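Just below is one structure, and these are the notes that go with it.
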Protein chains: 2
Amino acid sequence: MAAKRGDGPKKQSKQTNAAPQPAQEQAGEPPLSRERIVATAVEMLDAEGTAGVSMRRLADRLGAGAMSLYWHVDNKEQVLDLALDQVLEYRAPQQAGEPRDWRGDVAHLLEDWRAGMLRHPWSASLLPRRALGPGILGRLELLGGILSRAGVADADLNAAIWSLWNYVMGATITRASFDLTDADMAAAQQRLSTLGERHPTLERTRLLLDNDWDGTFRKGLDVLLDGLAARK
Amino acid sequence: MAAKRGDGPKKQSKQTNAAPQPAQEQAGEPPLSRERIVATAVEMLDAEGTAGVSMRRLADRLGAGAMSLYWHVDNKEQVLDLALDQVLEYRAPQQAGEPRDWRGDVAHLLEDWRAGMLRHPWSASLLPRRALGPGILGRLELLGGILSRAGVADADLNAAIWSLWNYVMGATITRASFDLTDADMAAAQQRLSTLGERHPTLERTRLLLDNDWDGTFRKGLDVLLDGLAARK
DNA sequence: ATGATACTAGTACAGTGTACGAGTCGGCGC
DNA sequence: GCGCCGACTCGTACACTGTACTAGTATCAT
């Protein structure tokens with residue numbers, strides 16, 4: 001089996017000589033690295049979605065040969081895993097310090113989570129089947145910490161964390177997938193009407209045309225938080 | 001542009017002559033049809049997951065040429081759409097009639113939904129970005145009907161439906177994606193420990209080793225239903 | 001016989017992920 | 001100097017993908 005590289009790419013140069021290498025590349029690309037690959041992958045995903053990213057196109061964008069990526073990365077799956085986890089990471093918002101109410105904290109954390117994913121809609125469709133990276137784990141830890149400090153008993157903590165996670169993920173995935181197909185939803189609502197009387201309720205409430213996603217998300221979240229507060 | 005076929009495959013023969021066609025196929029395959037294609041696709045998805053299904057392999061399994069499928073189906077996406085919607089359809093459980101409490105009805109409907117998807121784990125990863133077929137719409141209608149009859153005001157109905165949907169979908173997708181990677185979760189929990197003190201809460205509650213998925217699902221659902229009942 | 005309709009399927013093309021192996025480069029021990 | 005080694009790059013090749021195009025057949029109505 002080939003050498004490949006075991007684990008740590010982190011630092012690649014030990015000589016601090018900052019002189020730009022004067023090779024035949026005239027002021028060209030910075031050297032390939034896992035970070036640069038992932039960052040470029042995120043850019044491409046944002047711009048063209050999952051279908052637009054192939055190893056060859058990604059390498060082109062990096063000014064490298066397709067196979068060169070495989071030195072820094074195991075395979076395409078890993079690129080996507082890393083891209084997803086990077087996007088899901090929690091970037092500390094403002095200084096902590098001031099201890100707000102726990103409900104506000106949880107709501108803020110979760111709404112930020114949702115907003116972050118919606119800013120990169122491909123992340124929602126990538127979520128299933130992808131492993132837990134440090135970004136996700138960091139967020140879960142934050143959530144658990146807030147709940148725990150708010151007085152949720154350890155015995156109930158896991159259920160609380162998962163319930164909130166489930167709700168946020170479901171809402172986000174739903175929103176992201178329907179966002180791209182607004183026309184489809186209108187068409188579906190139309191079809192409901194022509195389909196006769198088989199869906200009276202959906203037709204009456206115009207479920208598929210109600211696009212107050214943010215408000216709906218808030219309402220459901222409030223219901224969940226109410227319930228958690230009640231049995232705390 | 002080619003003729004293709006506009007819409008309705010439904011019935012292909014009008015002569016009721018039931019004599020098996022005595023062509024060169026000796027008692028071989030039944031004729032190709034959209035239904036048969038979708039049914040076989042579901043079988044293959046169950047057996048080998050999303051990655052195992054290609055148009056060529058699907059056609060092989062049907063005893064047909066790859067391109068023959070395209071007469072009955074627009075493209076591969078549509079095959080997956082149809083497979084998903086078929087799996088998500090609600091098959092009426094027992095006779096209605098006896099009007100149980102609405103909470104029990106909702107819980108039953110949603111748990112059946114979740115169970116059905118988990119029986120076909122690929123459905124969870126297919127959900128994002130797929131359109132609303134009649135199967136899904138049927139279930140949403142049922143859910144809306146129960147809630148409406150239970151007294152939820154029309155103004156709150158959409159939010160209630162979506163909240164429950166979100167929760168169920170999030171829980172199912174999470175469950176399905178982590179199910180296949182139990183080893184990964186153990187590894188992740190392990191990593192938490194070695195990662196030092198950065199995830200004290202998750203480590204303490206052993207979040208990633210708690211695999212009482214069904215119980216957790218029930219608890220969160222109860223919280224939601226409590227909340228809905230309260231503001232009814 | 002003629003033609004239309006419904007359907008099947010071979011060939012071909014552009015694109016995919018990635019295994020393999022050859023090649024380049026800089027630094028180290030001699 | 002020389003040899004060597006490890007880090008890194010990348011061209012070629014292979015098996016495979018979805019599907020456009022086209023030619024073909026089998027059945028029917030006229």
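First the proteins, then the strands, lettered A, B, ... as listed; each starts at 1. Everything numeric here is computed off the predicted structure, so don't read it as measured data.
- Look at CG on Leu62(A): it is 11 Å from P on dC10(D), rounded to the nearest Å.
- The shortest distance between side-chain heavy atoms of Leu127(B) and Met117(B) falls below 4.5 Å.
- Applying the salt bridge (Lys or Arg N to Asp or Glu O under 4.0 Å) test to Arg61(A) and every residue at least two apart in sequence or in another chain returns Glu43(A).
- Contact annotation for Ala59(A): no contact, since no heavy-atom pair falls under 4.0 Å across all strands.
- Following rounding to the nearest Å, Asp81(B) (CG) and dG18(D) (C1') show an atom-to-atom distance of 15 Å.
- The cationic group of Arg175(B) does not satisfy the cation-pi geometry with Phe217(B), failing either the under 6.0 Å distance to the six-membered ring centre or the 45° limit from the ring axis.
- Contact check for Leu69(B) versus Leu58(B): side-chain heavy atoms found under the 4.5 Å cut-off.
- Atom CG of Leu80(B) is separated from atom P of dG18(D) by 9 Å (rounded to the nearest Å).
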Reading nucleotides 12-18 of chain C from the 5' end, what letters show protein touch, with B for base, S for backbone sugar-phosphate only, - for no heavy atom under 4.0 Å?
B---BBB
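- The phosphate of dC8(D) (OP1 or OP2) has no side-chain N or O of Ser68(A) nearer than 4.0 angstrom.
- The main-chain N or O of His108(A) is never found under 3.5 Å from a side-chain atom of Asp112(A) such that the two would form a donor-acceptor pair.
- For Leu32(B), taking side-chain heavy atoms from C-beta onward, the closest of the listed nucleotides dC10(D), dT8(C), dA9(C) is dT8(C).
- Side-chain contact between Arg130(B) and Glu77(B): present, with at least one pair of heavy atoms (C-beta onward) separated by less than 4.5 Å.
- Residue Trp71(B) contributes atom CH2, which lies 18 Å from atom P of dG24(D) at whole-angstrom precision.
- Applying the 4.0 Å criterion to OP1 and OP2 of dT8(C), one finds that His72(B) has a side-chain N or O inside that range.
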